[in-house]
Amino acid sequence: MEHKKVRVRFAPSPTGGLHLGGVRTVLFNYLFARHHNGTFVLRIEDTDQTRYVPGAEEYILECLRWCGLSPDEGTEAGGEYGPYRQSERKAIYRQYAEQLVAQGHAYYAFDTPEELERMRENFKTPENPSPQYNVKMRHHMRNSHSLPPEEVRSLLAAGTPHVIRINTPASEDLTFTDMIRGEVSFNTSAVDDKVLLKADGMPTYHLAVVVDDYRMQITHAFRGEEWLPSAPVHILLWKYLGWEPHMPQWAHLPLILKPDGNGKLSKRDGDRLGFPVYAMNWTDPKTGEITRGFRERGFLPEAFVNMLALLGWNDGSGQEIFSMKELIDRFSMDRVHKGGARFDFDKAKWFNHEYILNTGNDKLAALFAPVLEEKAIVADPAYVATVAGLVKDRCYFVNDIWEHGFFFFEAPTQYDEAAVKPKWNDAKQQFFEAWNIMLADQSDFHAEALEESFKALANEKNIKMGELQLPFRIMLTSGKFGPPVFVIAATIGREQTIARIAKALEVFGA
RNA sequence: GGCGCGUUGGUCAAUCGGCUAAGACGCCUCCCUUUCACGGAGGAAUGACGGGUUCGACUCCCGUACGCGCUACCA
């Protein structure tokens with residue numbers, strides 16, 4: 001391999017939310033670039049004007065920022081190879097398309113969409129349900145192969161809408177070496193004369209990707225496996241344009257599959273199965289429909305990225321938790337799996353849990369702040385951090401801090417009475433009445449001290465601790481959950497503890 | 001239909017000819033905890049099938065099956 005500086009690119013089309021598979025493609029690009037001290041470019045492939053969705057481009061950038069995978073070069077970061085939006089490069093593509101026509105590698109085609117549809121209809125047979133516009137079909141259609149040159153000239157002069165199609169050879173073997181799959185080969189007989197330049201003057205993906213990868217000096221191109229079948233078209237273009245020596249090395253990434261059933265994971269599957277598929281919340285500007293994202297679901301970006309890295313790649317060591325630096329150090333394309341991976345939300349949750357466990361309480365508190373704010377609860381950040389530290393063991397998501405620690409912020413309004421009442425009696429009633437009075441004078445309100453005096457009083461009253469702890473817990477939290485009781489009491493403080501006991505006694509004693 | 005790619009437990013997966021086939025998630029049991037978790041100890045569960053090659057095949061080759069992808073003036 002030459003010593004060319006590594007340059008990779010992520011080239012999304014701004015048509016909507018960013019799918020988790022897209023983020024993984026970004027990740028692999030990013031890791032590869034960093035590993036080789038290369039450059040990560042972001043190019044916007046907005047050549048389909050009919051599918052353009054306003055806001056999608058900004059959204060994609062924001063997703064990358066959130067994940068910590070921002071590009072070095074691109075629409076926002078700038079660079080020497082711009083513009084980075086294909087719609088702004090329109091003139092460039094036409095020039096190459098015409099060049100290909102002039103060299104006999106492409107041709108004009110005047111068929112209207114209706115004519116194409118009719119062709120597909122007419123030539124469709126049970127054996128061949130998708131007839132192709134290829135060497136054989138060319139002569140049945142209206143193009144610069146089948147039409148006399150004068151007619152082509154006059155059609156062109158009259159401004160007749162037309163496309164430019166590649167001249168695919170009748171039968172030629174094409175081979176390339178995929179970084180993941182090894183040698184892959186095709187025969188052009190199965191490849192049709194793909195449109196290169198559309199009637200509106202915009203290039204199709206095929207032309208644009210080759211021209212831009214060349215002009216932006218991309219050295220390695222990673223894309224989803226669904227692109228594999230169009231590789232021969234691209235190889236042909238690299239050859240025809242005379243750039244073959246500069247063709248990037250390709251890697252076709254395995255697909256991310258539905259957890260159940262078959263096929264690629266889609267946004268619909270997330271809705272159906274109750275987990276996010278997009279990186280962040282996405283609001284469709286047309287319908288206003290919101291699709292939930294990993295970020296809003298409570299995922300830490302580091303966990304999300306780590307989880308994605310392991311979906312199709314591993315370093316062989318068995319290690320699963322990696323810092324970004326470790327990922328950069330260890331990543332290599334040849335350890336990427338060939339087969340598609342089913343997405344497992346439980347595993348994703350586990351990753352997030354691991355990261356929550358390893359996140360400082362202050363940071364968790366900060367991340368949790370919006371939840372409290374939404375509930376109009378005002379709390380001291382240090383207090384929130386303490387709570388986070390007490391409950392994070394049982395949290396899969398930042399948002400879970402509420403579910404597992406709400407009682408640190410608000411007194412219970414109802415109780416798990418079924419767990420207390422059947423065994424409630426006067427002795428217990430009296431114990432807690434006495435305990436509550438003692439608490440007013442309890443000098444040391446730490447958990448250990450509280451437990452000690454609680455125990456002492458229980459002994460004195462001759463009641464077993466076990467009989468008392470659960471009711472006490474329910475008084476403070478409303479149910480059978482949470483950190484050790486005395487820790488809860490110490491955390492919420494004297495005033496709250498006393499008030500909650502008093503209130504609960506009214507309910508339990510009734 | 002054609003072309004391409006793939007196939008190790010329910011899921012993610014290690015293995016680059018020596019396997020009594022790692023590890024993780026999930027699941028189950030037990031321990032710890034007079035709450036819920038965390039943690040700890042165990043457990044069930046895997047090479048699609050058929051042929052080769054080889055002393056030896058999960059690993060290499062060939063078929064078959066199955067799955068997926070593509071087959072647009074979408075990317």
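Residue numbers begin at 1 in each chain, while the letters A, B, ... track the order of the sequences.
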Earlier contact from the 5' end, RNA chain B, for A:P126 and A:Q469: A:P126
Sugar-phosphate, base or nothing in reach of A:R473, heavy atoms under 4.0 Å: base
Separation of B:C74 P from A:Y205 OH (nearest whole Å): 14 Å
Chi-based syn or anti call at B:C38, which uses purine or pyrimidine torsion atoms and a 90° bound: syn
Atom-to-atom span, CG of A:D193 to P of B:U71 - whole angstrom: 15 Å
Pair A:F508 and A:Y415, ring centroids less than 6.0 Å apart: yes
B:A13 versus B:C66 - spacing of their P atoms, nearest Å: 24 Å
Within the 6.0 Å centroid threshold, strictly below: A:F397 and A:F299: yes
A:E320 side-chain proximity, nearest of B:C70, B:G23, B:C73: B:G23
Under 3.5 Å donor-acceptor, A:N352 side chain and A:G298 backbone: yes
Distance, rounded to the nearest Å, where A:D200 contributes CG and B:C73 contributes P: 12 Å
Nearest-angstrom distance from the residue atom CG of A:L257 to P of B:G67: 13 Å
Sugar-phosphate, base or nothing in reach of A:T47, heavy atoms under 4.0 Å: sugar-phosphate
Dot-bracket encoding per residue of RNA chain B, Watson-Crick/G-U cut-off under 3.5 Å, | denoting interstrand: (((((((..(((.....[....))).(((((.......)))))....(((((..]....))))))))))))....
Closest to the A:R335 side chain, choosing from B:U15, B:C3, B:A75: B:U15
Sugar-phosphate only, base, or nothing, as touched by A:T125 at under 4.0 Å among non-hydrogen atoms: nothing
Check: A:F28 ring centre within less than 6.0 Å of A:W313 ring centre: no
Separation of the C1' atoms in B:U46 and B:G9, to the nearest angstrom: 4 Å
Length of the line joining A:E403:CD and B:A37:C1', which is rounded to integer Å: 12 Å
Polar side-chain atom of A:N167 near backbone of A:Y107 as donor-acceptor pair, under 3.5 Å: no
Span that lies between the C1' atom of B:A21 and that of B:U59, in whole angstrom: 11 Å
Ring centre gap for A:H234 and A:Y205 strictly below 6.0 Å: yes
Upstream residue (5' side of RNA chain B) when A:H206 and A:F481 are each assigned their closest nucleotide: A:F481
Rounded distance (Å) that lies between atom P of B:A37 and atom CZ of A:F406: 15 Å
Touch class at under 4.0 angstrom, heavy-atom based, for A:M465 against every strand present: base
B:G39 and B:C25, which share atom name P, separated by this distance in whole Å: 9 Å
Gap between atoms OH and C1', on A:Y133 and B:C73 respectively (whole Å): 11 Å
Spacing between A:Q319 atom CD and B:C12 atom P, to the nearest angstrom: 21 Å
Derivation of the side-chain hydrogen bond (donor to acceptor under 3.5 Å, both in side chains) call for A:D193 and A:N134: CA-CA 5 Å; A:D193 292 349; A:N134 58 17; over 6 Å; no
Phosphate OP1/OP2 of B:G67 contacted by A:N262 side-chain N/O (<4.0 Å): no
Closest listed nucleotide, where the reference is the side chain of A:K338 and the choices are B:A37, B:A24, B:G6: B:G6
